[in-house]
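This chain uses plain numbering: 1 for the first residue, then up along the sequence.
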Amino acid sequence: MTAGTTSPNPLSPATAGTSRPAWLRDALVVAGYLGLAVLVTSGQWGHPSRLFHQAGDQILFEWMLAHAAHAVVAGENPLFSTGLNAPDGVNLMANTSVLGLGVPLTPVTLLLGSQVAFCVAVVCCLAGTAVAWYALLRRRLVDTRAAAAVGGLICGFAPGMVAQAGAHLHIAAQFLVPPILALVFRPASGVARNDVWRPGVGLGLLLVWQVFIGEEVLVFLVLAAGVFALAYAVADRVAARRHAPALFGRLAVAAGVAAVPLAYPLWFQFHGPQHYTGMAFATQGFQLDVASFTASARQTVLGDDWLPGLLSPNPTEENSFFGPGLLVLAVVIVIWLWRRALVRALAGCGVVFALLSLGTTVRLNGNATGLPGPYRLVAELPLLDLAVPARFALVCVPVLGVLVALSVDRVRAAHPATAPGLPVRLLWAGAVAAALLPLAPTPIRVVPVAPVPAFVADGDWRALVPPGRTVVAVPPVTGAARSPVMLWSARTGLAFPAPGGYFIGPSGPDDPTARWGAPDRPTSLLLRRVAETGAVPPLSDADRRQAIEDLRHWRAAVVVLGQLEHGDPVRRTVDDLLGPGRAVDGGWVWDVRERV
């Protein structure tokens, strides 16, 4: 990504001596990114009874952060846990365990709890991604700090990044992408050994870290880097031939370095206990509408709920939504700077991934056109058959960020021979502002969540739960739904084991087909229906015997009911199954130690 660019000019305004030191100006940019990230997450700070709008996903990642901290303190296997899905446990390497975030955040999680750790992680993901792109742009691609700052702002806070940050930490955490690219596409130093070994080792270590943050981003990164490299090779064959030997050498070294620490975790992911095959949902159904690229996302100053709901699979997958201004600006930039091989390669890469995000059948304004989407060409390939097509559009975010940064740098060029006149500079600044202001993010929306019952939060359950026994929350959700026990477990630091949870696992002991949660037990299905409908069903002795059998399978000691929308019908149903419960602070409890 460096050929065709100029080296920073030591006499440019970005580096010349001024009254304000360079480090302070960089610090102000970083502080601005951090401030914006805190503003975006402001709906949840100091409010433990709130979750971001995709509440089930936040509960999942709160639990993962709590698990990472628990594994560090207890010295347990971080790749597996019996804290959920008792008695079988969960293969966390096969789920989005974000250990690469959870382990560094262990002090925050232990001191301030899983919710604060999640919010801190979101801030780090957004601001960290922006800072990383700012640093790469500043060091490699542009001369002016303003250009790098604008590019980093787009890369870190584009609508798709904010949408993902409220739910999917593993997707929003892209702060390793720029340093990985910087090591892959490294400028030649003139010493072949230094072009291969040292950056190759660093690249391998970063790849290991990225695997433990999120393998999905790494897959997209490899694809995007490959498409970009091919496009660049077509645009500048001479430079491609010159850089290819060192590039492939670095990749070989990186692969060797990463293979050693990743060998066992990857084996565990695909062959360890509770591994699965396939995916628990139809990924190809998650695609973007052509019209989404010029629309406004929900969490922007011009956004609403209706149009994004028509053009994207759900609020978290609003990965395009760049607005007409930014796309028009990008077209102008590509035409204007077309002579640069870097620009042509970026444009080609962006177009490819925008088309892939349209899925197998192109949709326009919410209607299927019948036209086959380019994703059909790769939909059956390994790994890509498990990819969510809508997320391909996230590759367009840094493409647009780099293009805008290059254009701002061009109009702010310090050399008198290349700098445009003041009217042109003002006009371009206005055009960039007009394209970006409608994309300004608003705070991520929050929804209320039932508090953890004081009986659980205060540890009163400990007197009733002997070692080897579990706490069963009502309903014992095991599917793709908000799991009360998972939130209780996260907020108490995995203090007790529990059945159920929100994760991906096998369909059964002899069936590795992926499904959400554990195979359903009859009692969990019964109580879930009551919780959803509020209708109390007639129960038979067979239902009561089945409840005891299911509780025995879960190794239950107590059954706990917290706040539910249909709490009273659920309580009466459990009373009918197990006998009268007793009221506790924050809910009801049934002591089943003697019956199980």
If you compare all heavy atoms of [X] against all heavy atoms of [Y], which two are closest, and at what distance to 0.1 Å?
X    : Y    : value
L206 : P179 : CD1-CB, 3.8 Å
L36  : P441 : CD1-CG, 4.2 Å
P506 : P519 : O-CD, 4.1 Å
A295 : L311 : CB-CD1, 3.8 Å
S81  : G83  : OG-N, 2.9 Å
V122 : F52  : CG2-CE1, 4.4 Å

**Request:** Could you tell me how the ring of W63 sits relative to the ring of H67: parallel (under 30°), tilted (30 to 60°) or perpendicular (over 60°)?
**Result:**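 W63 and H67: parallel rings.
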**Request:** Please work out whether the ring planes of F392 and Y375 are parallel, tilted or perpendicular, with thresholds of 30° and 60°.
**Result:**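 Correct class here is tilted.
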Evaluate the side-chain proximity of [Y] to [X]: yes if any heavy-atom separation is below 4.5 Å, no if none is.
X    : Y    : value
R376 : T361 : yes
V574 : W590 : yes
W588 : P453 : no
I180 : Q174 : no
P497 : T82  : no
V560 : V485 : no
F503 : N85  : yes
S507 : T513 : yes

Looking at [Y], is its backbone amide N or carbonyl O close enough to the side chain of [X] to form a donor-acceptor pair, meaning the two atoms are under 3.5 Å apart?
X    : Y    : result
T533 : R529 : yes
T470 : V472 : no
H271 : F268 : no
S489 : M486 : no
Q287 : L358 : yes
E215 : F212 : no
S292 : D289 : yes
D88  : A86  : no
R515 : G505 : no

Would you list the atom pairs, donor with acceptor, under 3.5 Å between side chains in residues 93-109 and any protein atom, with sequence neighbours excluded?
unit_1 : atom_1 : unit_2 : atom_2 : d
N95    : OD1    : I504   : N      : 2.8
N95    : ND2    : N91    : O      : 2.8
N95    : ND2    : I504   : O      : 3.1
S97    : OG     : L92    : O      : 3.3
T106   : OG1    : G102   : O      : 3.2
T106   : OG1    : V103   : O      : 2.9
T109   : OG1    : L105   : O      : 3.1

For [X] and [Y], does a side-chain donor sit closer than 3.5 Å to a side-chain acceptor?
X    : Y    : answer
N319 : Q164 : yes
T41  : W45  : yes
T442 : R298 : no

**Request:** Kindly determine whether E318 and Q299 satisfy side chain to side chain contact (heavy atoms under 4.5 Å, CB included), including the steps that lead there.
**Result:** CA-CA 10 Å; E318 294 174 13; Q299 290 170 172; over 6 Å; no
**Prompt:** Taking only residues two or more places apart in sequence or in another chain, which ones pass side-chain contact (heavy atoms from CB on, under 4.5 Å) with D304?
**Reply:**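 Listed in chain order: W306, L307, P308.
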**Residues which pass side-chain contact (heavy atoms from CB on, under 4.5 Å) with A37, listed by chain and number, not counting sequence neighbours** =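 Checked A37 against side-chain contact (heavy atoms from CB on, under 4.5 Å); matches are V123, L126, A127, F157.
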Let me confirm one number: the [atom1]-[atom2] distance from [X] to [Y], rounded to the nearest 0.5 Å.
X    : Y    : atom1 : atom2 : result
L551 : R595 : CG    : CZ    : 8.5 Å
Q54  : I444 : CD    : CD1   : 11.0 Å
L487 : T492 : CG    : OG1   : 9.0 Å
L526 : L577 : CG    : CG    : 6.0 Å

**Message:** Could you walk me through whether V211 and L207 satisfy the side chain to side chain contact (heavy atoms under 4.5 Å, CB included) test, starting with their C-alpha distance in whole Å, then the side-chain angles of each, then the deciding distance to 0.1 Å, before giving a yes or no?
**Reply:** CA-CA 6 Å; V211 166; L207 293 178; 5.6 Å; no
**Asked** With H170, which residues qualify under ring pair (Phe, Tyr, Trp, His ring centres under 6.0 Å), at least two apart?
**Response**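 Residues passing ring pair (Phe, Tyr, Trp, His ring centres under 6.0 Å) with H170: F61, H168.
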**Request:** With sequence neighbours excluded, tell me which residues meet ring pair (Phe, Tyr, Trp, His ring centres under 6.0 Å) with F286.
**Result:**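 Result, ring pair (Phe, Tyr, Trp, His ring centres under 6.0 Å) vs F286: F281.
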**Message:** List the residues meeting side chain to side chain donor-acceptor pair (under 3.5 Å) with E216, not counting sequence neighbours, and say none if there are none.
**Reply:**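 Side chain to side chain donor-acceptor pair (under 3.5 Å) list for E216, sorted by chain: R391.
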Let me have the donor-acceptor pairs involving side chains of residues 454-465, under 3.5 Å, with sequence neighbours excluded, atom names and distances please.
unit_1 : atom_1 : unit_2 : atom_2 : d
W461   : NE1    : V456   : O      : 3.3

**Item:** Qualifying salt bridge (charged side-chain N to carboxylate O under 4.0 Å, His left out) pairs with a residue from residues 547-565, counting only residues at least two apart or across chains
**Value:**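 Those involving residues 547-565 are R521-D550.
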**Item:** Sequence neighbours excluded - ring pair (Phe, Tyr, Trp, His ring centres under 6.0 Å) pairs with any residue from residues 530-581
**Value:**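 Non-adjacent pairs meeting ring pair (Phe, Tyr, Trp, His ring centres under 6.0 Å): zero.
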**Item:** Pairs flagged by ring pair (Phe, Tyr, Trp, His ring centres under 6.0 Å) wherever residues 72-100 is involved - sequence neighbours left out
**Value:**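 Applying ring pair (Phe, Tyr, Trp, His ring centres under 6.0 Å) to every pair that reaches into residues 72-100, excluding sequence neighbours, yields nothing.
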**Request:** Step by step, work out the side chain to side chain contact (heavy atoms under 4.5 Å, CB included) result for V474 and V559.
**Result:** CA-CA 7 Å; V474 181; V559 176; 3.2 Å; yes
**Asked** Taking NZ, NE, NH1 and NH2 as the nitrogens, is one of them in R528 or D520 under 4.0 Å from a carboxylate oxygen of the other?
**Response**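 Result for this pair is yes, salt bridge flagged.
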**Message:** For R572, is there an ion pair with D575 - N to carboxylate O distance below 4.0 angstrom?
**Reply:**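 No, D575 and R572 are not salt-bridged.
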**Request:** With sequence neighbours excluded, give me every side chain to side chain donor-acceptor pair (under 3.5 Å) pair touching residues 112-131.
**Result:**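 Sorted pair list: Q44-Q115, E62-S114.
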Extract all donor-acceptor atom pairs below 3.5 Å that involve side chains of residues 534-545 and protein atoms in other chains or at least two apart in sequence.
unit_1 : atom_1 : unit_2 : atom_2 : d
S540   : OG     : A542   : N      : 3.3
S540   : OG     : D543   : N      : 3.3
S540   : OG     : D543   : OD2    : 3.2
D541   : OD1    : R544   : NH1    : 2.9
D543   : OD2    : S540   : N      : 2.9
R544   : NE     : D576   : O      : 3.0
R544   : NE     : D576   : OD1    : 3.3
R544   : NH1    : S540   : O      : 3.3
R544   : NH2    : D576   : OD1    : 2.7

**Asked** Given the rule in the side chain to side chain contact (heavy atoms under 4.5 Å, CB included) test, do D568 and R571 qualify, once you have shown the distances and angles that lead to the verdict?
**Response** CA-CA 5 Å; D568 187 64; R571 180 190 60 80; 2.9 Å; yes
